[in-house]
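Source: prediction; values computed, not measured. In what follows, chains carry the letters A, B, and so on, assigned in the order in which the sequence lines appear, proteins first and then strands, with residues in each chain numbered from 1. Hydrogens, waters and symmetry mates are skipped; everything else that's a heavy atom, side chains included, is used.
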Amino acid sequence: MTASFDIGGQGVGVVWIGDTAMFASGEGKVVCWRETLAAPITAHAGAILSACAHPDGQSLLTGGDDGALMQSRSTGETSELVRFGRKWIDHLEASPASGAIVAGVGKSAHILKDGRVVHTFEHASTIGGVSLDAKGRKLAVSHYGGVTVRYALMPDDAGVSLKWAGSHLAVTLSPGADYVISAMQELELHGWRLPEKTDLRMSGYAAKTKRFSWDRRGRHLATSGAPCAVVWPFHGKLGPQGKEPILCGQRDALVTHVAFNPRNDLLAIGYGDGAVWIAALGGDASMTLEATQSPVTALGWRADGAAIAWAHEDGRGGVSLLS
Amino acid sequence: MTAPIPVTVLTGWLGAGKTTLLNRILSEDHGKRYAVIVNEFGEIGIDNDLIVDADEEVFEMNNGCVCCTVRGDLIRIIEGLMRRKGAFDAILVETTGLAAPAPVAQTFFVDADVREKTKLDAIVTVVDAKHAPTQLAESAEAQEQVAFADILLLNKTDLVDAAALSALESLLRAINPTARIERVQKSNVALDKILDVGAFDLDRIVDLEPQFLSPDGDQHDHDHHHGHEHHHDHEKDHVAAAGIASVSLTSERPMDPQKLLPWINALTQERGPDILRLKGILAFPNEPKRFVVQGVHMIVDGDTQRDWKEDEPRTSRLVFIGRNLDRDELDAAFKACAA
């Protein structure tokens, strides 16, 4: 069963809370779908720039260009957690394991616990991305000239500084915190194997990589930015070093989003032409859930891996129940 | 695919009148809604729904191009603004008086996401008629702002006499012969002269600058008195000594594209840091259309444009604005590219 509907603005993120898919849109609204579409919740005065599930697993967090960090529930209530003046909340990450929320605001990474800011890590330049490991303890923050990895909940942690010339944008920390991979302005990935800080370079992209997704075992990293999902192998001692990536869902259109199923090795792929595909590792057994629309900007699996939701740049959204 | 959003860059020394102009653009009834990107150290008092603080973060690109710098904050802000595209029709970027304009301009050519969603419309530099001579003599950034301009808004002309104004205009022309100069008071320019002009649009680049094809026409209009000439020459030399100047090359013979285009490429690769901007209209043999070229440092863009008119002399003209430019050397190399 597949449903398609209007979410009222550019899709910024989609998160499943139980059986409800919660969509965050560029028009500041949160829209819930559970069998039918509920009335939109107005969470922000301006655009939503970032969204993720709250550590409580019961609500959606959104960061806006109005400087507000909002918490919205599928029942329709929305409340402000904190406000950062006129600053934009570009990045949000949260961990159910540690209860930490990270808000990337300009050069600052604010750490929230129990709904309030407990401390802030400052950086010399604007943050390109933030990522927490599976335990929600280690935090990677990318910026100009590299990535800094710290313990998120340790206020005075100077952290480990990983340096590489250039502008580092989206970043991901592997679930076990043994790899950090960042996307560079120059259309390539730079990575470090920890704790040795061994450099890794992964190139061949046609656009900036904006989305990363680790499979449930942390053995593969799927990436956007090429006319297929580029999946790097991370099993074995050396990770992707000297290995070829696995290419999934090769098409003419650029991949704009990737998301591994939380229960199996299927990969959901969103494309620049609006298609949403489900592909097995290696590329066969694909399933087309959505044909031509505007670029896919959000993708999210339900926790049981049996349903997926997505959204497009033009404000359309969709849900598919796979079994 | 929706049409790219036009971006106007507003530069100028502190106190030149940028904020007055900005407020006029935002308050006048022209039916367009603007998103405004301001610098946090700028002059205050702007009233607009969509106003964003920029950090003026300049990033070097690791693409082997030493002068290739972009504004990382602009890339991020534009991506954010595009989340609600329907909320505005155009973008205004204000820069501080201290900012070098090159990274701003290059951002719109180098970053693929920005290039897909927006297009640079024009760089408008507001010049304070009273204080500009001192600022230009003392500051490399002030010179660069003039050098990069598509439109020079010569403001506060009521505060100086005709002679001083004429001298300043000659000084500006020495740095940037291709920009259109608008003389105004209290930033009172007609907005259609500075907005949606398509200064980086190859199809419109020349229509914007009617004086472009007649180097001796407009420039000397105001130099009636010998005394002023003397003054003007003195200041020209001064600017030359401090750095930025321009070289205009012309050829009555058509150019050989097989020679000329590789030469421009090699020159901008090698001398990119010194070449701030270049603009040219070129006549190729057996080509009924004009070839238009423009560049910022190492980034060069060229294409055929409209047909040459019947009565139009097929003169090729190439203008470089930059530092350490040797006119004789450039002229010889340019002439060697004739067909």
Side-chain angles (χ1 to χ4, degrees), chain A residues 8-13 24-29 44-50 63-67 85-91 104 106-107 124-129 143-145 164-169 184-188 190 205-208 210 225 254 256 272 294-295 297 313-315, chain B residues 1-5 33 35-40 42 44 46-66 68-88 91 103 106-117:
Chain A
Q10 184 177 130
V12 175
S25 90
E27 296 298 323
K29 305 270 198 294
H44 295 266
I48 294 177
L49 300 171
S50 50
D65 69 4
D66 55 356
R86 242 169 66 176
K87 297 272 186 183
W88 289 14
I89 304 172
D90 286 307
H91 314 286
K107 297 171 183 171
S125 61
T126 301
I127 293 171
H143 42 74
Y144 187 52
W164 190 261
S167 184
H168 297 255
L169 306 168
M184 313 260 331
Q185 174 73 30
E186 289 81 11
L187 314 188
E188 62 180 30
H190 194 84
Y205 289 89
K208 276 181 232 162
K210 292 186 177 167
L254 277 181
T256 55
S294 80
T297 52
E313 196 177 281
D314 68 355
Chain B
M1 211 63 231
T2 43
I5 302 272
R33 295 160 304 161
V36 185
I37 302 172
V38 297
N39 65 80
E40 54 188 324
I44 46 154
I46 298 155
D47 183 25
N48 194 47
D49 287 344
L50 255 178
I51 183 158
V52 192
D53 293 310
D55 301 311
E56 305 213 329
E57 287 185 321
V58 176
F59 291 162
E60 283 171 24
M61 296 284 294
N62 293 333
N63 55 2
C65 163
V66 285
C68 211
T69 49
V70 296
R71 283 273 303 273
D73 57 326
L74 274 184
I75 298 174
R76 181 179 58 84
I77 288 167
I78 286 168
E79 185 181 2
L81 283 174
M82 289 303 155
R83 292 275 163 79
R84 48 170 182 166
K85 263 199 273 218
F88 56 93
I91 298 173
Q106 292 184 150
T107 301
F108 293 91
F109 297 97
V110 168
D111 187 86
D113 295 332
V114 170
R115 209 173 51 203
E116 186 190 321
K117 310 277 186 196

Contact listing (chain A partner; residues 70-78 of chain B; heavy atom under 4.5 Å):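 Result: B:Ile75, B:Arg76, B:Ile77.
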
Leading residue by heavy atom contact count with chain B [cutoff under 4.5 Å; candidates A:Leu49, A:Thr126, A:Asp314]: A:Thr126

Interface residue of largest heavy-atom contact number with chain B, from A:Gly9, A:Gly28, A:Gly46, under 4.5 Å: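 Of the options given, most contacts go to A:Gly46.
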
B:Lys85/A:Glu313 under side-chain contact (heavy atoms from CB on, under 4.5 Å): CA gap, chis, key distance, verdict: CA-CA 10 Å; B:Lys85 263 199 273 218; A:Glu313 196 177 281; 3.3 Å; yes

Pairwise distance CG(A:Asp65) to CZ(B:Arg83) - rounded to 0.5 angstrom: 10.0 Å

Donor-acceptor pair, side chain of [X] and main chain of [Y], under 3.5 angstrom:
| X | Y | result |
| --- | --- | --- |
| B:Arg115 | B:Phe109 | yes |
| A:Ser125 | A:Tyr144 | yes |
| A:Ser50 | A:Ile89 | yes |

Checking [X] against chain B: side chain, backbone, both or neither under 4.5 Å from a heavy atom?
| X | answer |
| --- | --- |
| A:Asp90 | side chain |
| A:Ala206 | neither |
| A:Leu187 | neither |

side-chain contact (heavy atoms from CB on, under 4.5 Å) evaluation trace for A:His168 with A:His143: CA-CA 5 Å; A:His168 297 255; A:His143 42 74; over 6 Å; no

Trace of the side-chain contact (heavy atoms from CB on, under 4.5 Å) decision for B:Lys117 with B:Leu81: CA-CA 10 Å; B:Lys117 310 277 186 196; B:Leu81 283 174; over 6 Å; no

Validation row: B:Glu79, A:Lys210 side chains within 4.5 angstrom (heavy atoms):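 They are in contact (side-chain heavy atoms under 4.5 Å apart), so the answer is yes.
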
